[in-house]
Every structure is written in structure tokens, then in C-alpha cells.
Amino acid sequence: METDGQKQTGDNGDHGGVCETSSGGATTIWERWDSILPDGSFDASGMNSLNHYAYGTIGDWLYRKVAGINLIRPGYKEILISPTLTRGLTEVEARYESMYGTVASRISCRDEKITVDVEIPANTTAILELPEREEEIRVGSGRYHFEYGTVTRLDRSPVSMNSTVAEILEQPGGTDAIRCCMPEILEGPMSAYLQGKTLSELAAMAPDSGRRLEEIVERMKGAR
């Protein structure tokens, strides 16, 4: 799905992900993912603003791409609602207070059913592009509800180095990926203990295994 990369950046706790900063204690948006290092020191580059909006555009992506709230004409006189199914987000809701009133989009995808609820303010019009539907729907102000069947599942989060071995084993193809890249995790008296560890933790425990652990992530991405 087209937003998987953005989603992974948003919730990824590895280097290059928004959650790397929040897991480091950030309550603002930093100039660098790793402005403050795990030991509490600053990155040596010197570019370490702790209030830097550059990576804050994830909010724009959540509103415009995931929830699908877009303007066609200035002031939201004409609106486009075009939500995108995003793996790992089974339910999304967003509201925007325009000069005409509230624009709202809510979408869920679970239990083999897609549900979309839309609110369009008075004196405006909108084009609705529903997930997995080809036809556009043109509407005026009001509240609209749609639901229909799907085979799409969004409840499987992307595998990353922050995934535990047990989490990977629960996903389709997970056992094969681990058995191919690092079968020793599944064997021997330490197996149960190792399955509770994340791939990052295993890499720290055995640095020479880092590349093989990264291959597990790559194989799982290819299986989706």
C-alpha cells in the first residue's frame, strides 16, 4: 500500500523514525532523529535544535493522505475526501475546522468490513473517493455513512528491528523468514528466552548477527 513507507517512518522506533525521538524523551520535534543520544549526550554534528518543524509534516500526511481531508477550492468551499487504507491503522478519525464549519472523516477497516463516515459543512460541496471503490461520489453538506465488505487486513503492523521474535513468528511467513536467516533462534534451550527479545536487542547481544537479523525484516517486507 502506498502509505506503508510513511507509516513505518511514523511509528518506527529505529533510526530514521519519528518514534526514535519520542522514545528518547522528546516532547517537541527535533532537528535530527538522534539529536540526543541514548547516553544523554548531544550528537557531535552540532545541529541539534530541539524545536525544529522539518519532520513535523507527518501531521500533514495524517490529515491529507490517511484521513483524506483535502481542499479543492480555497477555504474548503469544495472538498475532497479520499482516505487511504494504511496497514497498522485499523481505525482513523480526523476533524478540521474550516471557515464553513467542521470537515470530518472517519474510516475503519476490520472484521472484513470497511466503514466510512464523512461530515461536510453547510454551503460547501465535496467529492468522496472511497477506499477500494472506483466511482466518485459528489455530495452537498451533511453527514454520510458507507460500509461494504473487504478482504483487506490492516491489523498486521510492519516488521522492524523493534519487533520481537515472537511477534514475527505470529505473522504469515515469519517462521520461514527466521528459519532461513537465523535458525538458531528457534532451537536449543535458549529459544523461549530469545523469542521475547526484539531484533535490535539480539543484534546488541550478538553484533556479528546484525546483517542476518536485518535480512529477516527485508524478507517480511517482501512477503506483504
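Only a predicted model underlies this, so the values are computations on that prediction, with no experimental measurement involved. If you read the sequence from its start, that first residue is 1, and numbering goes on from there.
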Novice: Quick one: does any side-chain atom of Tyr144 pair with a main-chain N or O of Ser141 as donor and acceptor, under 3.5 Å?
Specialist: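 Such a contact is found between Tyr144 side chain and Ser141 backbone.
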
Novice: So Arg95 and Arg106, do their side chains get closer than 4.5 Å, heavy atoms only?
Specialist: no

Novice: Rounded to the nearest 0.5 Å, what separation is found between the CG atom of Leu89 and the CD1 atom of Ile107?
Specialist: 10.5 Å

Novice: What is the minimum heavy-atom distance between Ser98 and Pro121, and which atoms define it?
Specialist: OG-CG, 4.2 Å

Novice: Grab the two heavy atoms, one from Glu215 and one from Cys181, that are nearest each other, plus how far apart they are.
Specialist: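 Minimum heavy-atom separation between Glu215 and Cys181: CB-SG, 3.8 Å.
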
Novice: Taking the side chain as every heavy atom from C-beta outward, state whether Val118 and Val139 have any atom pair closer than 4.5 Å.
Specialist: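 Not in contact.
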
Novice: Can you measure from CG (Leu128) to CZ (Arg138) and round to the nearest 0.5 angstrom?
Specialist: 10.0 Å

Novice: Do any N or O atoms from the side chain of Thr86 and from the backbone of Thr84 form a donor-acceptor pair under 3.5 angstrom?
Specialist: yes

Novice: Can Leu202 and Ile185 be said to form a side chain to side chain contact (heavy atoms under 4.5 Å, CB included), step by step?
Specialist: CA-CA 10 Å; Leu202 293 179; Ile185 295 177; 3.8 Å; yes

Novice: Please name the pair of heavy atoms, one in Pro172 and one in Met220, separated by the smallest distance, quoted to 0.1 Å.
Specialist: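 Looking at all heavy atoms of both residues, the closest pair is O-CE, 3.7 Å.
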
Novice: Please confirm whether the ring centroid of Tyr96 lies under 6.0 Å from the ring centroid of Tyr76.
Specialist: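 Tyr96 vs Tyr76: aromatic centres under 6.0 Å.
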
Novice: Where is the tightest heavy-atom contact between Cys109 and Ile114, given as atom of each residue plus distance?
Specialist: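 Shortest heavy-atom separation between Cys109 and Ile114 comes out as SG-CG1, 4.0 Å.
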
Novice: Is the CD atom of Glu135 crowded by more than 12 outside heavy atoms at less than 6.0 Å?
Specialist: yes

Novice: Do the side chains of Ile216 and Val165 get nearer than 4.5 Å, heavy atoms only?
Specialist: no

Novice: Would Ser191 and Gln195 count as having a side-chain donor-acceptor pair, cut-off 3.5 Å?
Specialist: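 Short answer, yes.
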
Novice: Measuring only between side-chain heavy atoms, which start at C-beta, is Glu132 closer than 4.5 Å to Leu85?
Specialist: yes

Novice: Go through the steps for Glu214 and Arg211 under the test salt bridge (Lys or Arg N to Asp or Glu O under 4.0 Å), then give the verdict.
Specialist: CA-CA 5 Å; Glu214 290 172 356; Arg211 180 55 196 153; 3.1 Å; yes

Novice: Give a yes or no on whether Ile69 and Ile137 share a hydrophobic cluster (residues Ile, Leu, Val, Met, Phe, Trp, Tyr; joining criterion: side-chain heavy atoms under 4.5 Å apart).
Specialist: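 Looking at the clustering, Ile137 is in the same group as Ile69.
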
Novice: Main chain of Met161, side chain of Ser200: is a donor-acceptor contact present, judged purely on distance under 3.5 Å?
Specialist: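 Side chain of Ser200 to backbone of Met161: a pair is present.
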
Novice: Heavy atoms only: give me the nearest Ala126-Ile120 pair and the separation to one decimal.
Specialist: CB-CD1, 3.6 Å

Novice: More than 12 heavy atoms of other residues, nucleotides or ligands under 6.0 Å from CZ of Arg179: is that the case?
Specialist: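 Open.
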
Novice: Taking Lys77 for its side chain and Ile72 for its backbone only, find out whether a donor-acceptor pair lies under 3.5 Å.
Specialist: no

Novice: Can you measure from CD1 (Ile178) to CG (Leu213) and round to the nearest 0.5 angstrom?
Specialist: 9.0 Å

Novice: Does Gly68 offer a backbone N or O that forms a donor-acceptor pair with the side chain of Asn70 under 3.5 Å?
Specialist: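 Pair found, side chain donor or acceptor close to backbone of Gly68.
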
Novice: Distance from Ile127 atom CD1 to Glu78 atom CD, nearest 0.5 Å?
Specialist: 5.0 Å

Novice: What distance do Ile79 atom CD1 and Leu71 atom CG have between them, rounded to the nearest 0.5 Å?
Specialist: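 These two atoms lie 8.5 Å from each other.
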
Novice: Over all heavy atoms of both residues, which pair between Ser209 and Ala206 is shortest? Give the atoms and the distance, please.
Specialist: OG-O, 2.6 Å

Novice: Please check if the side chain of Ser105 supplies one atom and the backbone of Ala67 the other of a donor-acceptor pair under 3.5 Å.
Specialist: yes

Novice: Tell me, do Ile81 and Val116 make a side-chain contact under 4.5 Å, heavy atoms counted?
Specialist: no

Novice: Can you measure from OH (Tyr148) to CZ (Arg133) and round to the nearest 0.5 angstrom?
Specialist: 5.5 Å

Novice: Under a single-linkage definition using a 4.5 Å side-chain heavy-atom cutoff for Ile, Leu, Val, Met, Phe, Trp and Tyr, are Tyr100 and Leu80 assigned to the same hydrophobic cluster?
Specialist: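 Different clusters.
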
